[in-house]
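Structure first, commentary second.
We count residues from 1, following the sequence as given.
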Amino acid sequence: MEKRVTTSERIFLSNGAALAWIAVFFQLYLIIVNRTASIPETITRFFSFFTILSNILVALCFTYRLLKPNAKWGRFFSRPTTQTAIALYIGVTGIIYNTILRALWKPEGLQFLVNELLHSVIPVLFILYWLFFVPKESLKWTSIFPWLIFPTVYCIYSIIRGAIAGVYPYPFLDAKELGYNKVILNICGVTVVFIVLSLLLVAIAKLIARSPGSKGL
């Protein structure tokens with residue numbers, strides 16, 4: 001049964017969609033303006049960042065839920081399992097950046113603002129959306145297995161593309177610098193983060209689903 005879009009959720013969705021699309025489009029603008037490769041290669045690199053992909057998923061989820069919740073893709077992005085998967089992806093984006101990658105560079109000006117939106121503001125925003133608006137009764141422990149497919153495919157793609165193009169989206173995936181053994185260990189570490197956060201989300205969902213007044217705002 002489709003969950004009705006309430007006024008409070010609509011306000012949240014409007015602001016979330018606007019911020020997510022603004023952040024993605026300005027990051028695309030900045031990477032093109034500051035490019036060190038051809039435009040096609042630069043755009044390929046842009047869409048090779050997990051940060052960008054996870055933020056686009058957030059933007060699509062907010063947009064379809066707001067504007068076309070009953071369309072095919074609207075129903076897909078309204079599924080609790082889909083929304084929880086996106087919470088997982090954008091949550092890991094924030095965790096990995098703020099614990100590992102933040103110290104590696106110091107963006108300034110517009111890049112600083114866009115960077116904070118992509119890695120801090122939007123992850124927190126979507127987790128809050130998940131906590132307050134996503135129905136959680138249908139989430140199961142076994143739900144986590146399909147959620148791991150996307151990051152697994154992403155890692156395989158990154159390694160293959162890196163071997164061909166010599167460019168890796170993140171330092172911990174750079175097999176040219178670290179070697180494949182170290183990269184595989186890094187991927188295993190990131191996979192643990194995905195699994196732990198997946199289990200945490202399901203545990204929280206079960207606690208909320210059992211609590212009084214858990215049907216949403």
Side-chain angles (χ1 to χ4, degrees), residues 1-21 23 50-51 53-99 117-155 188-217:
M1 183 177 179
E2 188 65 43
K3 178 175 178 283
R4 182 174 61 88
V5 181
T6 62
T7 301
S8 56
E9 184 180 359
R10 190 172 296 277
I11 293 170
F12 202 109
L13 291 168
S14 300
N15 289 298
L19 285 175
W21 285 122
F50 192 85
T51 293
L53 298 177
S54 60
N55 274 273
I56 288 175
L57 286 173
V58 168
L60 288 171
C61 181
F62 280 156
T63 302
Y64 273 104
R65 183 69 186 146
L66 175 67
L67 300 178
K68 293 189 175 183
N70 297 314
K72 177 182 177 181
W73 284 105
R75 292 193 300 272
F76 173 76
F77 282 110
S78 294
R79 294 176 187 170
T81 50
T82 301
Q83 293 171 324
T84 307
I86 296 172
L88 170 65
Y89 304 149
I90 197 67
V92 172
T93 293
I95 291 169
I96 296 296
Y97 179 80
N98 285 290
T99 59
L117 282 174
L118 292 171
H119 296 103
S120 299
V121 175
I122 293 168
V124 170
L125 203 63
F126 196 85
I127 293 296
L128 289 175
Y129 173 76
W130 181 83
L131 283 171
F132 288 107
F133 296 106
V134 175
K136 301 171 180 65
E137 294 82 3
S138 63
L139 295 176
K140 303 175 182 178
W141 296 113
T142 54
S143 300
I144 73 170
F145 297 111
W147 300 343
L148 299 176
I149 295 173
F150 173 52
T152 299
V153 171
Y154 174 81
C155 287
C188 289
V190 172
T191 300
V192 170
V193 175
F194 273 102
I195 293 172
V196 169
L197 186 55
S198 296
L199 294 172
L200 180 61
L201 287 171
V202 175
I204 292 171
K206 288 183 174 296
L207 286 174
I208 293 175
R210 288 199 297 263
S211 66
S214 63
K215 298 300 181 182
L217 300 180

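- Here the rule is side chain to side chain contact (heavy atoms under 4.5 Å, CB included) with S54, and of Y154, F150, Y89 only Y89 fits it.
- Residues I195 and L148 are in side-chain contact: their nearest non-hydrogen atoms beyond the backbone lie under 4.5 Å apart.
- For the side chain to side chain contact (heavy atoms under 4.5 Å, CB included) test with S120, the passing option among T93, N98, L125 is N98; the others fail.
- Side-chain contact between L131 and I208: present, with at least one pair of heavy atoms (C-beta onward) separated by less than 4.5 Å.
- Just one residue in the list I204, T84, V134 forms a side chain to side chain contact (heavy atoms under 4.5 Å, CB included) with L139, and that residue is T84.
- Ring pair Y129/F62: centre-to-centre distance below 6.0 Å.
- Distance check, rounded to the nearest 0.5 Å: OG1 of T6 to CZ of F12 gives 11.5 Å.
- Y97 and F50 have their aromatic ring centers separated by at least 6.0 angstrom.
- Considering every non-hydrogen atom in both L199 and W141, the closest pair reads O-CZ3, 3.5 Å.
- Looking at L57 and I90, their side chains never come closer than 4.5 Å, going by heavy atoms from C-beta outward.
- Counting heavy-atom neighbours within 6.0 Å of W73 CH2, excluding the residue itself, gives a total of 12 or less.
- Annotation: side chain to side chain contact (heavy atoms under 4.5 Å, CB included) contacts of T152 (sequence neighbours excluded): I156.
- A distance of 13.0 Å separates CZ in R10 from CG in N15, rounded to the nearest 0.5 Å.
- For the pair F126 and C61, the minimum side-chain heavy-atom distance is below 4.5 Å.
- For A20 against A59, the heavy-atom pair with the smallest separation is CB-CB, 3.7 Å.
- A pairwise comparison of heavy atoms in Q83 and S78 identifies OE1-O, 3.6 Å as the closest pair.
- Residues F132 and I127 have side chains not in contact (no heavy-atom distance under 4.5 Å, counting atoms from C-beta outward).
- In this structure, the side chains of L13 and F133 stay at 4.5 Å or more apart for every pair of heavy atoms.
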Verdict with reasoning, V5 to L66, per side chain to side chain contact (heavy atoms under 4.5 Å, CB included)
CA-CA 8 Å; V5 181; L66 175 67; 5.5 Å; no
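- Closest approach of K140 to K206, counting heavy atoms only: CA-NZ, 4.4 Å.
- With contacts defined as side-chain heavy-atom distances shorter than 4.5 Å, the pair K136/W130 qualifies.
- Smallest separation of non-hydrogen atoms from T63 and A17: OG1-CB, 3.8 Å.
- Across every non-hydrogen atom of T51 and N55, the tightest pair is O-ND2, 2.8 Å.
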